[in-house]
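Along the sequence shown, residues are numbered consecutively beginning with 1.
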Amino acid sequence: MKAVLAALFFPLALQVMASPEDIYSIYDKDGKNRVLLEKVDRMNQEIEEAEQEKSEKKMLILIVSLLIAIVPLAVIGKQVVCGRTWKTNLPGTAQALLIACAGGFVLFAFNYGILYLKILHYEIFKYIFSLAIVIALIIGASILLRKK
């Protein structure tokens, strides 16, 4: 008997089951909730895209800064290898390589900071860069005037 009733009511149960669109239409008569959900989804997607773009820009800044920072070490290293200075002046060679590493670190920090501000925070960069140029001009002018 249960099997017969189940067989009779099963097609009716399938007709009662509604698609998600039907359920939305039941609870959201005027469509405001649907529009709001779509807007939230778009905003979340835009946020994710912005974070991805920012991450890619940071990686580009890091790579460019590292490439520029390697230049002093590469130049000094080439001179050391070509001149074989480690055979004649080992302490001087070690000192030159340490200075090249320190110079590379300073170049990396400077380039990373400038590129980071310029690419990711342009509004802040404009003011800081302008202020730095004005300060440099004032210092340069005062040094020139003191020498005369």
Side-chain angles (χ1 to χ4, degrees), residues 6 10-148:
F10 184 70
L12 291 173
L14 286 177
Q15 290 177 354
V16 171
M17 286 185 177
S19 67
E21 299 296 326
D22 294 337
I23 294 172
Y24 278 127
S25 65
I26 292 170
Y27 292 110
D28 189 20
K29 299 279 186 210
D30 54 359
K32 289 182 181 177
N33 289 340
R34 172 70 99 163
V35 171
L36 186 62
L37 286 174
E38 289 174 358
K39 187 175 180 180
V40 168
D41 288 340
R42 269 185 287 154
M43 289 175 69
N44 285 337
Q45 186 178 7
E46 289 173 1
I47 290 170
E48 288 175 6
E49 289 173 359
E51 287 175 358
Q52 179 70 23
E53 183 179 341
K54 187 175 180 180
S55 174
E56 289 172 359
K57 285 181 180 180
K58 279 184 179 179
M59 186 59 68
L60 177 67
I61 292 169
L62 181 68
I63 290 170
V64 169
S65 297
L66 282 174
L67 288 176
I68 293 172
I70 291 174
V71 170
L73 190 60
V75 169
I76 300 295
K78 181 183 175 199
Q79 290 176 354
V80 166
V81 170
C82 289
R84 298 181 189 269
T85 58
W86 70 85
K87 291 181 179 179
T88 58
N89 188 8
L90 185 62
T93 303
Q95 187 178 16
L97 289 174
L98 285 173
I99 291 171
C101 286
F105 180 74
V106 168
L107 272 176
F108 171 78
F110 181 75
N111 284 320
Y112 188 81
I114 293 292
L115 290 174
Y116 184 82
L117 285 174
K118 183 164 176 71
I119 292 175
L120 295 177
H121 302 288
Y122 185 70
E123 293 299 320
I124 297 171
F125 175 77
K126 286 192 306 189
Y127 299 117
I128 292 175
F129 192 68
S130 302
L131 184 64
I133 287 177
V134 168
I135 291 172
L137 287 174
I138 292 170
I139 291 172
S142 64
I143 289 173
L144 285 174
L145 290 174
R146 282 190 180 190
K147 285 186 178 182
K148 290 184 178 183

Straight-line distance of [X] [atom1] to [Y] [atom2], nearest 0.5 Å:
{"X": "Lys78", "Y": "Ile76", "atom1": "NZ", "atom2": "CD1", "answer": "12.0 Å"}
{"X": "Leu60", "Y": "Ile63", "atom1": "CG", "atom2": "CD1", "answer": "6.5 Å"}
{"X": "Gln79", "Y": "Arg84", "atom1": "CD", "atom2": "CZ", "answer": "15.0 Å"}
{"X": "Ile114", "Y": "Leu117", "atom1": "CD1", "atom2": "CG", "answer": "6.5 Å"}

(request) Can you tell me which residue pairs pass the side chain to side chain donor-acceptor pair (under 3.5 Å) test with a partner in residues 49-74, sequence neighbours excluded? (result) Gln52-Glu56, Glu53-Lys57
(message) Under the side chain to side chain donor-acceptor pair (under 3.5 Å) definition, can you give me all pairs with a residue in residues 90-113, not counting sequence neighbours?
(response)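 Qualifying pairs: Thr85-Thr93.
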At their closest point, which heavy atom of [X] faces which heavy atom of [Y], and how far apart are they?
{"X": "Leu107", "Y": "Ile68", "answer": "CD1-O, 4.0 Å"}
{"X": "Ile61", "Y": "Tyr116", "answer": "CD1-CA, 3.7 Å"}
{"X": "Pro72", "Y": "Gly103", "answer": "CG-C, 4.5 Å"}

(request) Return the set of residues passing ring pair (Phe, Tyr, Trp, His ring centres under 6.0 Å) with Phe129 (not counting sequence neighbours), or none when no residue passes. (result)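 Ring pair (Phe, Tyr, Trp, His ring centres under 6.0 Å) list for Phe129, sorted by chain: Phe125.
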